[in-house]
Colleague: 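After the structure tokens below, expect a handful of questions from me.
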Amino acid sequence: MNLVGNTDLAFSEEQAMLMDVAREFCRDKSPIAAVRDQLETDTGFDAALWQEMAGLGWSGIALPESVGGSGLGVGALVPVVEAMGRAMLGTPLINTALAAQLILRSGSSGQVERLLPPLVEGGIATLALLDNGDWGADGLALRLGEDAVLTGSKRFVGDAGVADIVVASASRGGDAVLVVLEAEQLAGRLRPNTLIDQTRRAADIDFTGVQVEAANIIAGDRVAAALRDVRLCGALLVAAEATGSAAACLDTIVEYLKTRKQFGKLIGSYQALKHPTVDILTGMEDARSFVYHAATLLGEDNLDRDAEVACRMAKAQASAILSYAGDRAVQFHGGMGFTYECDAQLYIRRAQWTQQAFGDAQHHRKRLAALLLD
Amino acid sequence: MNLVGNTDLAFSEEQAMLMDVAREFCRDKSPIAAVRDQLETDTGFDAALWQEMAGLGWSGIALPESVGGSGLGVGALVPVVEAMGRAMLGTPLINTALAAQLILRSGSSGQVERLLPPLVEGGIATLALLDNGDWGADGLALRLGEDAVLTGSKRFVGDAGVADIVVASASRGGDAVLVVLEAEQLAGRLRPNTLIDQTRRAADIDFTGVQVEAANIIAGDRVAAALRDVRLCGALLVAAEATGSAAACLDTIVEYLKTRKQFGKLIGSYQALKHPTVDILTGMEDARSFVYHAATLLGEDNLDRDAEVACRMAKAQASAILSYAGDRAVQFHGGMGFTYECDAQLYIRRAQWTQQAFGDAQHHRKRLAALLLD
Amino acid sequence: MSATEAELAEFRSDVSAWMADNKPADPGFLLPQTFMEVGDERQLEFLREWQHKVWSAGYLGMAWPKEYGGGGVEPVFQNIADQEMRRHDVPICFNVIGLGWAGPLINDIGTEQEKSKYLKGILSAEDIWCQGFSEPEHGSDLGNAQTRAVRDGDEYVLNGQKIWTTMGNFAKYMILLARTNPEAQRKYDGLSFFLSPMDVPGVETRPIRKITGEYGFTETFFTDARIPADCLMGEEGQGWSIAMQTLQYERGAEAGAAGGLAMVRVTVEDMVEGLEGVERDGAPVLEDPLVRDQLVQAIMDEKALVLSVRRTGIAHLTSDYPGALPLSNKLRASELTRRMRQLAINLQGGEGALYVGDDTARQGGFWQRAYFNSFSATIGGGTSQIQANIVAEHVLGLPK
Amino acid sequence: MSATEAELAEFRSDVSAWMADNKPADPGFLLPQTFMEVGDERQLEFLREWQHKVWSAGYLGMAWPKEYGGGGVEPVFQNIADQEMRRHDVPICFNVIGLGWAGPLINDIGTEQEKSKYLKGILSAEDIWCQGFSEPEHGSDLGNAQTRAVRDGDEYVLNGQKIWTTMGNFAKYMILLARTNPEAQRKYDGLSFFLSPMDVPGVETRPIRKITGEYGFTETFFTDARIPADCLMGEEGQGWSIAMQTLQYERGAEAGAAGGLAMVRVTVEDMVEGLEGVERDGAPVLEDPLVRDQLVQAIMDEKALVLSVRRTGIAHLTSDYPGALPLSNKLRASELTRRMRQLAINLQGGEGALYVGDDTARQGGFWQRAYFNSFSATIGGGTSQIQANIVAEHVLGLPK
């Protein structure tokens with residue numbers, strides 16, 4: 001038994017460069033005022049900004065050079081996503097990247113060559129994994145019939161309203177398959193969600209009666225593993241983003257604690273605020289350690305046990321600390337924290353969304369217990 | 001469903017009187033110096049003091065008048081035990097009372113009339129329930145053969161070294177029975193435990209080969225229910241005692257926080273110490289609420305569901321808060337807290353003993369989940 | 001002459017029947033759980049009508065004098081009426097500052113004229129009252145209020161700003177704490193207390209958008225606003241002491257409050273029932289051992305609070321730290337509420353990411369909104385951090 | 001000229017073989033996990049012999065100069081030796097104040113004479129060193145030390161009291177922080193640093209009984225104790241700065257420490273392995289879902305600490321809050337240790353109530369004693385509460 005196990009942690013030149021660029025880009029292009037401007041728009045993001053990001057090559061970071069990507073793998077996306085989380089920048093990058101990974105990891109070469117290049121160019125994709133709200137559910141409720149017609153629906157499909165393609169998991173005669181659907185096939189089938197995190201958009205999709213083109217069905221042995229991998233990658237990317245948001249939330253708290261006075265003293269001098277803020281710092285730093293540890297272990301192959309452990313720890317830690325940070329941010333801002341105007345609301349809302357996405361902290365700890373203790 | 005359920009809380013004149021007397025007695029007779037004097041003695045208590053307590057009628061509080069008791073029930077013992085816990089007074093009162101309840105609740109009238117009067121007079125009894133360290137275990141490993149000879153052993157039998165009689169749970173042909181053993185039968189069979197709480201004494205007992213007199217076997221339908229009841233009463237009495245100890249621990253902390261200076265300020269002015277101390281206060285008050293709520297619901301009959309819920313909540317809460325209080329008492333006393341001389345050690349050690357006795361907090365919460373949610 | 005048990009039982013049965021008959025149908029929009037959540041006219045009118053109906057039926061202000069619209073009976077009747085309202089889960093009586101703060105105060109120390117002028121309107125919900133204690137720069141530090149009230153002939157001239165004025169945009173009157181003497185040696189002695197009209201020139205309110213996205217509070221600005229001098233309650237300099245007295249009435253009818261259901265009580269049981277159909281690992285979430293443990297802890301916390309209220313009256317069980325139970329109650333209740341609601345969201349699984357406005361949100365997003373709203377109690381009326389200081393200093397005697 | 005990978009690998013293999021061959025058998029009594037737990041002569045002599053053996057084999061002080069008993073090689077060799085000691089789970093090299101504090105300091109700023117006199121005895125364990133910084137009235141406030149050192153001819157006269165002197169009753173020398181100038185404007189400037197003998201008249205030690213029931217520390221009393229003036233290190237008034245320098249060496253051989261295993265590392269894995277055979281509800285405790293969740297959290301905490309050390313060297317991943325990882329390390333490591341050990345006891349069920357001295361106690365009561373001892377780290381060297389202040393102020397820039 002080796003419970004602590006693998007503790008590799010490396011950071012490549014490419015990651016460093018991407019981090020520098022992404023931090024600067026997000027800081028310049030996505031100040032909080034710009035984030036707020038998007039809260040009540042239909043799409044939740046600025047299309048021009050998204051095209052700029054694609055222009056920087058971010059959509060292709062994790063995709064092979066053969067389809068126009070940079071071939072750096074999902075690990076290289078982590079610093080970019082963390083920077084986006086820090087700026088609370090709403091974009092379809094994570095969903096597009098994960099949908100692309102599903103295709104890359106299980107599609108035929110023909111599918112890969114056809115479907116991925118547009119995504120590198122700024123196309124938007126998303127993935128539909130959840131039949132209900134249970135990330136721990138086995139089995140797939142969405143059915144693909146022998147006639148290639150779907151029966152069932154999916155919930156909480158991120159960026160569904162703007163996606164050019166939706167990759168959905170389904171069951172065909174008991175086997176897991178993926179189906180790729182074009183936006184026009186889904187017209188009128190989306191029921192937009194109202195999310196607690198107003199920087200995000202999602203929708204439930206009713207697929208019943210949709211006919212899937214044969215070329216858009218991905219089947220075979222690799223599908224199940226790809227689904228597993230991509231759920232773990234999703235957990236990691238959401239964790240990375242949440243870590244960035246937690247750091248930004250911490251900054252917001254610290255700034256207030258250094259300037260607000262009560263009873264004649266700066267409130268940051270009170271240990272009742274100071275010490276929990278230190279807990280946020282150390283919890284956020286732990287999340288970051290797990291995130292970059294996991295990024296270190298990701299490769300092009302299927303994720304091994306160490307990588308799985310790392311991704312789950314990253315998500316468990318990041319979910320927990322962002323929940324705590326968001327909650328404390330509201331509390332520590334006092335009356336101001338109770339207003340919509342205060343940025344604390346952005347983080348507490350993001351925290352609630354993050355908690356659920358790709359499984360909450362308890363979900364991952366339960367899986368970790370099986371991995372580590374059995 | 002009514003999750004909060006019964007919230008009766010009454011306090012009788014008798015309980016009030018007993019509380020006044022017990023508080024004063026314990027304060028006078030068991031100052032901390034006296035407690036420390038007993039830490040390394042063989043028995044852990046002052047025999048003369050014990051006789052005084054018996055003289056006050058405490059051994060008989062929960063026993064019927066027919067055997068010389070006051071007939072007030074186990075609930076009336078609660079304020080006395082709480083007062084003892086507050087003074088950290090080591091006595092065989094709880095064990096004697098619980099062993100007596102086992103006999104009272106399941107013995108024949110002959111057994112009751114023979115065995116209980118000596119206990120009202122200052123005799124000492126104890127109970128042997130644990131085959132191993134698992135309070136959640138089903139079944140009984142100690143066997144009583146058809147020849148009335150025992151095979152097996154029991155662990156952590158409190159006050160075994162001074163008990164006139166030991167009441168042990170055993171299995172006879174699959175049925176739960178109780179056997180009552182006299183001290184002389186157990187000569188040479190005790191292996192004294194070294195306990196973390198030095199105010200207590202216990203021993204493992206090897207019963208193999210001991211022949212039980214027919215008159216000292218308690219069998220029948222009432223045994224299983226009596227065992228269940230007494231385990232719950234045990235949980236409650238230990239909780240009551242722990243609540244008293246938590247209150248005393250709190251006093252110790254508060255006293256230090258009001259007098260010790262660091263960096264030129266009384267350390268009690270620092271929120272990092274102040275606020276956890278408030279948590280101890282409110283947690284202790286909750287424990288007290290549960291304890292007296294449970295005491296309100298105890299009667300002579302078998303414990304009903306409400307009483308069971310109350311006893312388990314009392315123990316879960318009292319265990320948890322005393323653990324926290326003891327731990328923080330050491331920490332908040334700084335270097336002094338790390339010494340044997342500081343009274344914080346008494347509480348942290350008591351806390352560890354309490355946690356285990358009659359099942360820890362998690363054990364009881366698990367049972368509560370079944371009672372409340374199923 | 002005290003009411004007999006039989007009279008009380010009959011009364012209870014009457015109220016119960018009335019509530020069952022008159023409980024309003026679901027209006028199709030989320031109703032406020034507390035008076036701090038009245039965000040729009042639609043909610044306001046609905047609640048105004050309900051309170052008026054309850055009062056007309058004789059179930060509000062029962063212990064207040066008959067001549068001012070009350071019932072003139074013992075407080076025990078109001079307590080029973082309140083219990084039945086709670087039991088029947090009817091909407092709140094939303095004019096809380098009037099019913100629970102201003103009204104009892106006027107009853108206690110008001111002049112004959114004040115009683116005639118104000119009390120009935122409070123009960124009938126015709127006159128909505130708000131409270132002007134907090135100021136932007138002194139959130140938790142009431143004694144430091146800086147809004148000025150300067151006597152000018154038979155008027156006072158008000159200048160300054162209040163914040164967190166619940167229903168400030170709907171209210172006709174405000175109980176106002178303002179500074180009449182900035183030179184007073186103790187800052188507390190410079191304060192005075194006013195029953196101040198809101199509809200005079202120079203008083204403006206600006207709604208505050210809450211973290212929930214909804215409204216419920218205003219900022220209130222005073223710019224040379226002139227109010228009649230007889231709006232002063234008591235004498236100049238008594239403001240702090242009257243304000244503190246005001247805070248005592250919250251404890252219900254026995255303390256002089258008019259009664260009525262002030263907030264929708266939300267329990268762990270509501271949470272558990274609300275989790276029906278939620279799955280975790282393909283099984284009901286209530287079967288998950290970790291969830292069960294969390295729920296048991298929440299139930300214990302809730303039960304402990306109820307028990308601590310029961311215990312408060314038993315001298316032998318409260319003698320160690322007198323004040324521990326009442327003084328810690330706000331801290332504990334508000335923190336429990338916050339924790340429990342956060343937990344309720346987490347237990348919903350994917351649905352926890354939905355919000356009010358999504359038709360498929362569990363109970364219309366009730367728990368998400370409730371979590372956010374719960375901060376009004378952990379922040380307002382002295383933050384939890386300050387409450388902990390108060391307990392430490394006043395109950396345990398720890399140094400400031 | 002750096003060692004090659006091959007040389008290092010060969011060296012590692014040599015050390016490993018030596019440790020395997022020479023690891024002492026279980027002496028039949030609980031050995032100290034840290035140097036603060038050496039409570040009796042029996043333990044002392046056992047550890048003295050072991051350290052001498054390690055040094056004789058050339059695996060201690062490897063980076064110190066040859067002429068003073070060291071090995072004169074690169075620190076990397078010592079690091080490897082230390083890793084192998086840890087891996088083989090051998091006893092500690094217990095003369096920690098000498099090896100990790102006094103020795104490196106003397107190496108760095110000592111005179112030729114000081115080096116010759118002290119260094120070898122530190123390595124060979126002939127001369128045990130102790131530390132005299134803390135005082136009873138100023139536990140966490142070192143800068144306020146009041147023990148006086150008054151120059152009198154070619155001697156200093158010491159008066160005062162130190163506390164928490166680890167192995168004070170066994171030590172030959174003390175690194176001592178004492179006040180030479182009570183009039184200095186800054187209290188720090190009045191302090192001086194001494195390499196002070198313990199065996200002079202007027203120095204008395206009184207063992208402190210720890211919460212565990214064992215010994216390990218002393219109080220040290222100075223009553224007109226006279227020490228040679230050349231015991232002063234550096235100059236008068238430099239005491240604070242030298243003391244702070246001393247604290248830097250703890251980080252290992254790279255920083256100048258002599259190396260050796262300073263404490264027995266105890267991991268969650270040790271805890272899990274130690275739970276073999278423990279049952280809960282009639283099944284192995286490790287199958288209980290709540291226990292599993294707690295263990296996973298403990299493993300995550302432990303792993304995060306290891307990862308944070310790895311991450312410290314990567315500039316891009318530490319740029320936001322420089323200092324966050326190193327400055328919070330003591331706080332986090334010591335608190336994790338405390339929590340984990342408390343958990344370890346709770347998970348034992350009934351056996352958790354046993355203690356050292358009970359033959360049937362799990363691992364001889366190791367976890368119970370370890371829990372109590374863990375407070376030495378959450379209290380000593382600045383309590384966790386003070387550590388949190390340091391992080392808040394120095395890393396986050398929050399006001400004092």
Side-chain angles (χ1 to χ4, degrees), chain A residues 39-40 130 132-139 155-156 191-198 200 202 204 260-264 267 270-273 276 319 323 327 330-342 344-345 348-349 351-357 359-363 365-367, chain C residues 134 136-141 144 163-164 208-215 217 277-283 285 288-291 294 338-339 342 345-362 365 368-369 371-373 375-376 378-380 383-386 388-389:
Chain A
L39 293 184
E40 292 177 23
L130 272 187
N132 59 23
D134 180 10
W135 282 99
D138 279 333
R155 301 207 68 184
F156 317 125
R191 198 196 59 74
N193 298 136
T194 302
L195 296 181
I196 196 165
D197 178 356
Q198 298 181 304
R200 299 196 180 271
D204 298 340
R260 168 78 175 176
K261 284 189 174 186
Q262 278 281 61
F263 301 102
I267 61 174
Y270 293 108
Q271 288 176 328
L273 308 187
S319 286
S323 280
D327 183 275
V330 171
Q331 179 69 23
F332 291 174
H333 277 77
M336 177 55 56
F338 195 62
T339 66
Y340 193 80
E341 182 191 350
C342 175
Q345 64 104 339
I348 196 173
R349 287 167 173 270
Q352 296 306 315
W353 180 87
T354 294
Q355 180 73 250
Q356 308 301 335
D360 66 16
Q362 258 178 38
H363 165 84
R365 288 202 302 268
K366 191 184 278 188
R367 297 297 183 281
Chain C
S134 290
E137 288 310 306
H138 316 94
S140 292
D141 189 9
N144 207 15
I163 196 166
W164 311 121
I208 296 172
R209 192 173 182 192
K210 293 188 299 181
I211 187 173
T212 61
E214 302 159 320
Y215 293 90
F217 299 94
V278 177
E279 297 205 333
R280 209 161 247 258
D281 298 320
V285 67
D288 182 290
L290 282 152
V291 170
Q294 288 169 309
R338 184 185 57 75
R339 281 200 311 277
Q342 192 181 24
I345 304 174
N346 287 345
L347 296 184
Q348 292 182 20
E351 290 178 358
L354 298 178
Y355 198 64
V356 177
D358 193 310
D359 292 342
T360 67
R362 197 155 277 270
Q368 285 81 335
R369 191 181 72 156
Y371 170 44
F372 291 163
N373 270 324
F375 286 95
S376 72
T378 60
I379 293 170
T383 64
S384 293
Q385 287 71 30
I386 288 170
N389 280 351

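So that the names make sense, note that chain A is the first sequence line, chain B the second, and so on, each numbered from 1.
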Colleague: Is chain A contacted by the side chain of V356(C), its backbone, both, or neither, given a heavy-atom distance below 4.5 Å?
Modeller: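 For V356(C), backbone heavy atoms alone lie under 4.5 Å from chain A.
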Colleague: Any chance you could lay out the side chain to side chain contact (heavy atoms under 4.5 Å, CB included) test for D288(C) and K366(A), step after step, and finish with the verdict?
Modeller: CA-CA 11 Å; D288(C) 182 290; K366(A) 191 184 278 188; 2.6 Å; yes
Colleague: Give, as side chain, backbone, both or neither, the part of Q271(A) having an atom under 4.5 angstrom from any heavy atom of chain C.
Modeller: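 Interface part for Q271(A): neither.
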Colleague: Side chain, backbone, both or neither: which part of F338(A) has a heavy atom under 4.5 Å from chain C?
Modeller: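 Its backbone and side chain both get close to chain C.
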Colleague: Quick check with a 6.0 Å cut-off and a 45 degree axis cone: is R349(A) positioned over the face of F372(C)'s six-membered ring?
Modeller: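 That pair does not qualify as a cation-pi contact.
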Colleague: Can you tell me which portion of N389(C) sits under 4.5 Å from chain A's heavy atoms? Options are side chain, backbone, both or neither.
Modeller: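 Contact with chain A: none, neither part.
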Colleague: Could you tell me which of G334(A), A272(A), A137(A), P192(A) has the largest number of non-hydrogen atom pairs under 4.5 Å with chain C?
Modeller: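 Highest number of heavy-atom pairs under 4.5 Å: G334(A).
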Colleague: Drop me the distance from Y270(A)'s OH to T383(C)'s OG1, to the nearest 0.5 angstrom.
Modeller: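 Rounded to the nearest 0.5 Å, the OH-OG1 separation comes out at 10.0 Å.
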Colleague: Find the one option among I196(A), T354(A), D197(A), L273(A) whose heavy-atom pairs under 4.5 Å with chain C are most numerous.
Modeller: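 Top count of heavy-atom pairs under 4.5 Å with chain C: I196(A).
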Colleague: I would like to know whether D327(A) and R339(C) meet salt bridge (Lys or Arg N to Asp or Glu O under 4.0 Å); could you show each step before the answer?
Modeller: CA-CA 10 Å; D327(A) 183 275; R339(C) 281 200 311 277; over 6 Å; no
Colleague: Quick check on R155(A) against chain C: is it the side chain, the backbone, both or neither that has a heavy atom closer than 4.5 Å?
Modeller: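 Looking at R155(A), just its side chain touches chain C.
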Colleague: Atom OG1 of T194(A) and atom CD of Q368(C): how far apart are they, to the nearest 0.5 Å?
Modeller: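 Answer for the OG1-CD pair, T194(A) versus Q368(C), is 11.0 Å.
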Colleague: Where do D134(A) and E351(C) land on the side chain to side chain contact (heavy atoms under 4.5 Å, CB included) test, with the steps shown first?
Modeller: CA-CA 9 Å; D134(A) 180 10; E351(C) 290 178 358; over 6 Å; no
Colleague: Using non-hydrogen atoms only, which part of N193(A) is less than 4.5 Å away from chain C: side chain, backbone, both, or neither?
Modeller: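 Contact with chain C involves both backbone and side-chain atoms of N193(A).
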Colleague: Relative to chain A, which segment of I208(C) carries a heavy atom at a distance below 4.5 Å: side chain, backbone, both, or neither?
Modeller: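 For I208(C), side-chain heavy atoms alone lie under 4.5 Å from chain A.
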Colleague: Is there a side-chain contact between Q362(A) and N346(C), using heavy atoms and a 4.5 Å cut-off?
Modeller: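 Of all side-chain heavy-atom pairs linking N346(C) with Q362(A), none is under 4.5 Å.
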Colleague: Is chain A contacted by the side chain of T212(C), its backbone, both, or neither, given a heavy-atom distance below 4.5 Å?
Modeller: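 Only the backbone of T212(C) comes within 4.5 Å of chain A.
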Colleague: So I386(C) and F263(A), side chain to side chain contact (heavy atoms under 4.5 Å, CB included) or not? Walk me through it.
Modeller: CA-CA 11 Å; I386(C) 288 170; F263(A) 301 102; 3.6 Å; yes
Colleague: Between Q331(A) and T378(C), do the side chains contain an N or O donor and an N or O acceptor separated by less than 3.5 Å?
Modeller: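 Indeed, the side chains of Q331(A) and T378(C) share at least one donor-acceptor pair under 3.5 Å.
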Colleague: Which atoms of R338(C) are under 4.5 Å from chain A, going by heavy atoms: the side chain, the backbone, both sets, or neither?
Modeller: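 The answer is the side chain of R338(C).
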Colleague: Under a 4.5 Å cut-off applied to non-hydrogen side-chain atoms, are Y355(C) and Q198(A) in contact?
Modeller: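 SC-SC contact between Y355(C) and Q198(A) ruled out.
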Colleague: Could you tell me whether R191(A) and D358(C) make a salt bridge, using a distance below 4.0 angstrom between a side-chain N and a carboxylate O?
Modeller: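 Between D358(C) and R191(A) there is a salt bridge, with a charged N closer than 4.0 Å to a carboxylate O.
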Colleague: Got K210(C) and T339(A) here, is their nearest side-chain heavy-atom distance under 4.5 Å?
Modeller: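 Heavy-atom side-chain distance check fails, nothing below 4.5 Å.
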Colleague: Of the listed residues (I345(C), L290(C), T360(C), N373(C)), which shares the most heavy-atom pairs with chain A below a 4.5 Å separation?
Modeller: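 Of I345(C), L290(C), T360(C), N373(C), T360(C) has the most heavy-atom pairs under 4.5 Å with chain A.
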Colleague: Does a side-chain heavy-atom distance below 4.5 Å link E214(C) with Y340(A)?
Modeller: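 No, every pair of side-chain atoms sits at 4.5 Å or beyond.
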Colleague: Show the nearest heavy-atom pair for residues I211(C) and I348(A), with the distance to one decimal.
Modeller: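 The pair with the smallest heavy-atom distance is CD1-CG2, 3.9 Å.
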Colleague: Verify whether one side chain among Q356(A) and Q348(C) offers a donor that lies under 3.5 Å from an acceptor in the other.
Modeller: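 Side-chain D/A pair, Q356(A) to Q348(C): absent.
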Colleague: Minimum heavy-atom separation for R280(C) and H363(A), please, with both atom names.
Modeller: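 Result for this residue pair: NH1-N, 4.4 Å.
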Colleague: For F332(A), is it the side chain, the backbone, both, or neither that has a heavy atom closer than 4.5 Å to a heavy atom of chain C?
Modeller: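 Contact with chain C: side chain only.
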